[in-house]
**Q** 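Below is one structure. I have some questions about it.
As the structure is a computational prediction, the values presented were derived from the model and not from experiment.
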Amino acid sequence: MLYIGVICRQVRNSDMPEKKKNVWTVICGYLGLSTSVICSWSMFAMDTIGGVFPQTIDNPPIIAAGALLGVYLLFFVGLFTSKKEYDRRLLKRLIILCVVMVCALFFMAAVKLIFCRPRYRLLIQEIPGIEFHPWYLPFADSWSFINEMGIDWNDFRSFPSGHALQSMGLIFSLPSLAEVYGSLKGRKTVLFAAAAVFAIFVCFSRMVMGAHFLSDVSAGSLLAIIAGYVWLRFIRSERMK
C-alpha cells in the first residue's frame, strides 16, 4: 500500500503530460482503495482478528473503518512523505515489485481453489469424511461439505499459506524503503533482518493457530522466494544496462 502511494508521487513528479498524470493518479488511488478493502477484510477474517472477535467477521462497517482509517492511510504516507524528485529507476522498480507480488497472490489463490486442503483446525473437529489430506492431492469433496454442512469455504483453503507468502515477501520489499527515504539509506540489512524476524513469527503463528500445516507455510514461503528472485533478477539486469 505504501509503495502504491510512492508510485503515485513519482508519477505526479514525472514529466509526462498532465492528463496522463491525472489518469495514473486515479488508477493508483483506486488500486490503493480496493487493496485496502481486501486487506481489511482479511484482517477481520476467521484466521486473524475474527478468530478472537467473531463479531468482526464480514462486518461491513468494521471492514470499511479498518480499510479507510488503517490500511489506506499508508497510501497517503507514501504519497506525501516519499522523495519529491522524480526517479525513473525507482518508479520502474516499484511497479515491477507490485506486479510480481500481485501475480504471486493470484497464483496462490488459484492453487487454493484447486487443492481445497482442509485446515488443521477443521480436522480436530473430527467431522466424518474430513481427515488429514496430503498437500499434493486435491480434496474433491470440499464443496459438498460447504453446501451441505455449512462449513466456511475458507476452512478448505489451507494450501498454500497466504500469510506466509505476504510476510516472506517483506524480506524483499521492505529493504526498498531505503531507496524511498533518505534517512534509511545504508540500513537495508537492518530492514532485511526486521522483515525476516516478522516473517518467521507470522509463519510460526499460523501453525500454532491451527490455520496451516508446515507444508502450507513452506509452500507459501517458497512462492515468496520465487517472486523475490524474479524481482531481484530484474534489478540485476537493469544494473547491467
Side-chain angles (χ1 to χ4, degrees), residues 1-4 27-28 30-51 56-60 63 66-67 70-72 74-75 94-123 130 133-147 151-173 198-199 202-203 205-207 209-231:
M1 181 60 62
L2 179 75
Y3 288 152
I4 294 177
I27 292 175
C28 288
Y30 172 76
L31 288 175
L33 182 59
S34 58
T35 303
S36 67
V37 172
I38 295 173
C39 290
S40 181
W41 173 80
S42 179
M43 280 194 306
F44 295 108
M46 175 62 72
D47 296 337
T48 48
I49 298 176
T56 64
I57 301 176
D58 294 332
N59 189 315
I63 293 175
V71 185
Y72 200 41
L74 290 174
F75 171 83
L94 292 183
I95 290 176
I96 295 299
L97 174 61
C98 290
V99 169
V100 168
M101 289 307 298
V102 168
C103 289
L105 288 170
F106 273 108
F107 179 79
M108 173 208 67
V111 173
K112 282 179 176 287
L113 287 173
I114 293 172
F115 286 88
C116 299
R117 190 185 193 187
R119 297 183 186 272
Y120 175 75
R121 65 174 181 235
L122 187 60
L123 298 185
I130 300 180
H133 207 73
W135 64 267
Y136 51 85
L137 295 176
F139 187 66
D141 297 329
S142 61
W143 285 107
S144 63
F145 286 100
I146 294 172
N147 296 326
I151 298 176
D152 191 276
W153 64 272
N154 192 42
D155 281 332
F156 293 97
R157 299 294 182 270
S158 184
F159 179 84
S161 170
H163 284 80
L165 167 61
Q166 296 178 67
S167 60
M168 288 295 291
L170 286 176
I171 293 177
F172 303 98
S173 61
F198 177 75
V202 170
C203 291
S205 67
R206 301 307 291 159
M207 292 185 288
M209 293 177 65
H212 291 288
F213 298 94
L214 178 60
S215 54
D216 303 330
V217 172
S218 300
S221 300
L222 178 61
L223 185 56
I225 291 172
I226 293 174
Y229 174 77
V230 171
W231 182 61

**Q** Would you name the heavy atoms of Phe172 and Trp231 that are closest together and state the gap between them?
**A** O-CZ3, 3.1 Å
**Q** Would you say Ser205's side chain and Val202's backbone share a donor-acceptor pair under 3.5 angstrom?
**A** yes
**Q** Please confirm whether the backbone N or O of His212 pairs with a side-chain atom of Arg119, one donor and one acceptor, at under 3.5 Å?
**A** no
**Q** Only counting residues at least two apart or in another chain, list the ones meeting side chain to side chain contact (heavy atoms under 4.5 Å, CB included) with Cys28.
**A** Ile4, Ile7, Cys8, Phe75
**Q** In Å and rounded to the nearest 0.5 Å, what is the CD to OG distance from Gln166 to Ser42?
**A** 6.5 Å
**Q** Run the side-chain contact (heavy atoms from CB on, under 4.5 Å) test on Leu33 and Tyr72 for me, step by step, so that the C-alpha distance in whole Å, both residues' side-chain angles and the decisive distance to 0.1 Å come before the verdict.
**A** CA-CA 6 Å; Leu33 182 59; Tyr72 200 41; 4.0 Å; yes
**Q** Is there a side-chain contact (heavy atoms from CB on, under 4.5 Å) between Leu113 and Arg157 once you walk through the steps?
**A** CA-CA 7 Å; Leu113 287 173; Arg157 299 294 182 270; 3.4 Å; yes
**Q** Among all residues two or more places apart in sequence or in another chain, which pass the ring pair (Phe, Tyr, Trp, His ring centres under 6.0 Å) test with Trp41?
**A** none
**Q** To the nearest 0.5 Å, tell me how far His163 NE2 sits from Leu165 CG.
**A** 11.0 Å
**Q** What I want to check is whether the side chains of Arg117 and Ser215 have a donor and an acceptor closer together than 3.5 Å.
**A** yes
**Q** Rounded at 0.5 Å granularity, tell me how far OH in Tyr229 sits from CG in Leu222.
**A** 13.0 Å
**Q** Listed by chain and number, what are the ring pair (Phe, Tyr, Trp, His ring centres under 6.0 Å) partners of His133, not counting sequence neighbours?
**A** Phe139
**Q** Please answer whether the main-chain N or O of Leu31 pairs with a side-chain N or O of Ser34 as donor and acceptor at a distance below 3.5 Å.
**A** yes
**Q** Measure the CG-OG distance between Leu214 and Ser161 for me, rounded to the nearest 0.5 Å.
**A** 11.0 Å
**Q** Using a 4.5 Å cut-off on heavy atoms from C-beta on, say whether the side chain of Phe44 contacts that of Asn59.
**A** no
**Q** Side chains of Cys203 and Ser167: does their closest heavy-atom pair fall under 4.5 Å?
**A** yes
**Q** Under the side chain to side chain contact (heavy atoms under 4.5 Å, CB included) test, which residues partner Val100, sequence neighbours left out?
**A** Ile96, Ala227, Val230
**Q** Taking side chain to side chain contact (heavy atoms under 4.5 Å, CB included) as the test, write out the residues that go with Ser173, two or more places apart.
**A** Tyr3, Leu97, Leu170
**Q** Mind checking whether Lys112 and Pro160 have side chains closer than 4.5 Å, heavy atoms only?
**A** yes
**Q** Which pair of heavy atoms, one from Ser40 and one from Ala67, lies closest together, and at what distance?
**A** OG-N, 3.3 Å
**Q** Between atom CG of Leu2 and atom CG of Leu94, what is the distance when rounded to the nearest 0.5 Å?
**A** 9.0 Å
**Q** So, using side chain to side chain contact (heavy atoms under 4.5 Å, CB included) as the criterion, who are the partners of Leu122 when residues are at least two apart?
**A** Pro118, Gln125, Ile127, Ile130, Ile151, Asp155, Phe156
**Q** Taking it one step at a time, do Phe213 and Met207 satisfy side-chain contact (heavy atoms from CB on, under 4.5 Å)?
**A** CA-CA 6 Å; Phe213 298 94; Met207 292 185 288; over 6 Å; no
**Q** Kindly compute the distance separating CE (Met43) from OG (Ser36), expressed to the nearest 0.5 Å.
**A** 9.0 Å
